[in-house]
Student: 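This is the structure, below, for whatever I ask next.
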Amino acid sequence: MEDKIRVLLSEEEVDKKIEEIGARISKDYQGKAVHMICILKGGIFFTCELAKRISVPVSMDFMSVSSYGADTKSSGVVKIIKDLDEPLDGKDVLIVEDIIDSGRTLSYLIEIFKKRNPKSVRLCTLLDKPERRVTDVKVDYVGFNIPDKFVVGYGLDYNQKYRNLPYIGVVEFE
């Protein structure tokens with residue numbers, strides 16, 4: 001049976017917001033280089049589009065973590081599947097995530113990264129569900145605050161499906 005998906009944020013709305021975030025990051029990091037850390041798999045679409053809109057020098061690394069498995073709710077247990085390839089010493093780090101809900105994963109990662117001696121650590125997310133927050137985490141750049149619905153598209157998946165949708169949609173469970 002095919003899942004029903006309702007458009008929450010159109011492709012045009014998402015593109016416009018990424019442009020705005022890119023301009024803000026470019027201004028905030030003026031005269032510096034930004035080291036973007038993409039949180040895989042969901043963050044890849046947002047990270048690539050965002051990087052194209054940042055005017056200061058950008059380097060990238062990738063980390064894969066899991067706290068969901070095949071469920072629609074975070075398990076609360078963070079597992080590092082792929083660690084970074086490069087050291088963070090002296091770098092201005094920008095963690096790029098597709099969505100933040102409980103805050104557990106990002107809180108955990110920020111603590112790990114701070115121990116690796118970066119110059120700074122900031123956090124950027126395309127989507128934020130602040131009402132689901134159980135751990136306090138400071139998000140420096142937020143695309144959209146969204147309701148507590150299960151969303152897909154633009155890198156977000158449901159059982160590895162729908163990442164390629166060019167918009168953010170809500171899965172309407174029967």
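Quick note: numbers below take in every heavy atom, side chains included, and nothing from hydrogens, waters or symmetry partners.
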Student: With distance as the sole test, does S26 use its side chain to make a donor-acceptor pair with the main-chain N or O of S55 at under 3.5 Å?
Tutor: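 Yes.
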Student: Could you measure the distance from the NZ atom of K79 to the OG1 atom of T105? Nearest 0.5 Å is fine.
Tutor: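 Taking NZ in K79 and OG1 in T105, the distance rounds to 13.0 Å.
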Student: Grab the two heavy atoms, one from I168 and one from G153, that are nearest each other, plus how far apart they are.
Tutor: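 Closest heavy-atom pair between I168 and G153: CD1-O, 3.7 Å.
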Student: Do side-chain atoms of D128 reach the backbone of V142 as a donor and acceptor pair under 3.5 angstrom?
Tutor: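 A pair under 3.5 Å: no.
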Student: Would you sort out whether F46 and I18 count as a side chain to side chain contact (heavy atoms under 4.5 Å, CB included), showing the intermediate values?
Tutor: CA-CA 8 Å; F46 177 45; I18 294 172; 3.7 Å; yes
Student: Could you tell me the separation between the CG atom of L127 and the OH atom of Y154, rounded to the nearest 0.5 Å?
Tutor: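 L127 atom CG to Y154 atom OH measures 11.0 Å (nearest 0.5 Å).
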Student: Yes or no on side chain to side chain contact (heavy atoms under 4.5 Å, CB included) for L123 and K138, after CA distance, side-chain angles and deciding distance?
Tutor: CA-CA 7 Å; L123 177 56; K138 179 180 184 270; over 6 Å; no
Student: With the side chain counted from C-beta on, respond yes when L9 and K17 share a heavy-atom pair under 4.5 Å apart, and no when they do not.
Tutor: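 L9 does not reach K17 side chain to side chain.
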Student: Look at the side chain of R133 and the backbone N and O of D101, then say whether any donor-acceptor pair between them is shorter than 3.5 Å.
Tutor: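 Looks like yes, one N/O pair under 3.5 Å.
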Student: Mind running side chain to side chain contact (heavy atoms under 4.5 Å, CB included) on R53 and D15 for me, showing each step along the way?
Tutor: CA-CA 10 Å; R53 292 165 172 88; D15 284 344; 4.2 Å; yes
Student: Would you say that L8 contacts K149 through its side chain, given a criterion of any heavy-atom pair below 4.5 Å between the two side chains?
Tutor: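 Sidechains of K149 and L8: no contact.
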Student: Do V134 and V137 share a hydrophobic cluster (ILVMFWY, side-chain heavy atoms under 4.5 Å, transitive)?
Tutor: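 The answer is no; the residues belong to distinct hydrophobic clusters.
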Student: Can you tell me how far apart CZ (F62) and CG (D85) are? Round to the nearest 0.5 Å.
Tutor: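 The CG atom of D85 is 9.0 Å from CZ of F62, to the nearest 0.5 Å.
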Student: For L106 and V139: C-alpha separation, side-chain torsions, deciding distance, then whether side chain to side chain contact (heavy atoms under 4.5 Å, CB included) applies.
Tutor: CA-CA 9 Å; L106 275 301; V139 185; over 6 Å; no
Student: With side chain to side chain contact (heavy atoms under 4.5 Å, CB included) as the test, pick out the partner of I39 among I44, I99, D98, V65.
Tutor: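 Going through the options one by one, the only one that passes is V65.
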Student: Please report the closest heavy-atom contact between R24 and D140, naming both atoms and the distance.
Tutor: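 So the minimum-distance heavy-atom pair works out to NH2-O, 3.0 Å.
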Student: Around atom CD of Q30, are there more than 12 heavy atoms from other residues, nucleotides or ligands closer than 6.0 Å?
Tutor: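 Incorrect, the count does not exceed 12.
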Student: Specify whether F150 and Y158 have parallel, tilted or perpendicular ring planes, treating 30° as the upper limit for parallel and 60° as the lower limit for perpendicular.
Tutor: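 If you compare the ring of F150 with that of Y158, the planes turn out perpendicular.
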Student: Looking at CZ of F113 and NE2 of H35, how far apart are the two atoms once the value is rounded to the nearest 0.5 Å?
Tutor: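 The distance works out to 8.5 Å.
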Student: Assess whether atom NZ of K27 is packed by more than 12 heavy atoms of other residues, nucleotides or ligands within 6.0 Å.
Tutor: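 Check fails, neighbour count at 12 or below.
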Student: Would D83 and R116 satisfy salt bridge (Lys or Arg N to Asp or Glu O under 4.0 Å), going step by step from the backbone distance to the final call?
Tutor: CA-CA 12 Å; D83 206 341; R116 297 180 184 187; 2.9 Å; yes
Student: Would you say that L88 contacts I37 through its side chain, given a criterion of any heavy-atom pair below 4.5 Å between the two side chains?
Tutor: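 Counting from C-beta outward, L88 and I37 do come under 4.5 Å.
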Student: Might you point out which heavy atoms bring F45 and R163 nearest each other, and give the distance in Å?
Tutor: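 Minimum heavy-atom contact is CZ-O, 3.6 Å.
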Student: Taking C-beta and beyond as the side chain, do K32 and V56 meet within less than 4.5 Å on heavy atoms?
Tutor: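 Heavy-atom side-chain distance check fails, nothing below 4.5 Å.
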Student: How many angstroms lie between atom CD1 of I54 and atom CE of M36, to the nearest 0.5 angstrom?
Tutor: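 Reported to 0.5 Å precision, the distance equals 4.5 Å.
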Student: With a 4.5 Å heavy-atom cut-off, do L126 and L156 have their side chains touching?
Tutor: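 No - every pair of side-chain heavy atoms lies 4.5 Å or more apart.
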Student: Evaluate the side-chain proximity of K161 to D3: yes if any heavy-atom separation is below 4.5 Å, no if none is.
Tutor: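 D3 reaches K161 side chain to side chain.
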Student: What residue among V93, V96, D28, L94 forms side chain to side chain contact (heavy atoms under 4.5 Å, CB included) with V34?
Tutor: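 Exactly one candidate clears the test, L94.
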Student: E12 and K16: salt bridge (Lys or Arg N to Asp or Glu O under 4.0 Å), yes or no, with the steps?
Tutor: CA-CA 6 Å; E12 294 76 24; K16 183 175 185 257; over 6 Å; no
Student: Rounded to the nearest 0.5 Å, what separates atom CD1 in I95 from atom OG1 in T47?
Tutor: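 I95 CD1 to T47 OG1: 11.0 Å, rounded to 0.5 Å.
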Student: What pair of heavy atoms forms the shortest contact from I25 to C124, and how long is it?
Tutor: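 Minimum heavy-atom separation between I25 and C124: CD1-SG, 4.3 Å.
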Student: Give a yes or no on this: more than 12 heavy atoms of other residues, nucleotides or ligands lie within 6.0 Å of atom CG of D89.
Tutor: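 Count over threshold, so yes.
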Student: Do K52 and E49 pass the salt bridge (Lys or Arg N to Asp or Glu O under 4.0 Å) test, and can you show the C-alpha distance, the side-chain angles, and the key distance before you say yes or no?
Tutor: CA-CA 5 Å; K52 293 190 300 188; E49 290 303 316; 3.1 Å; yes
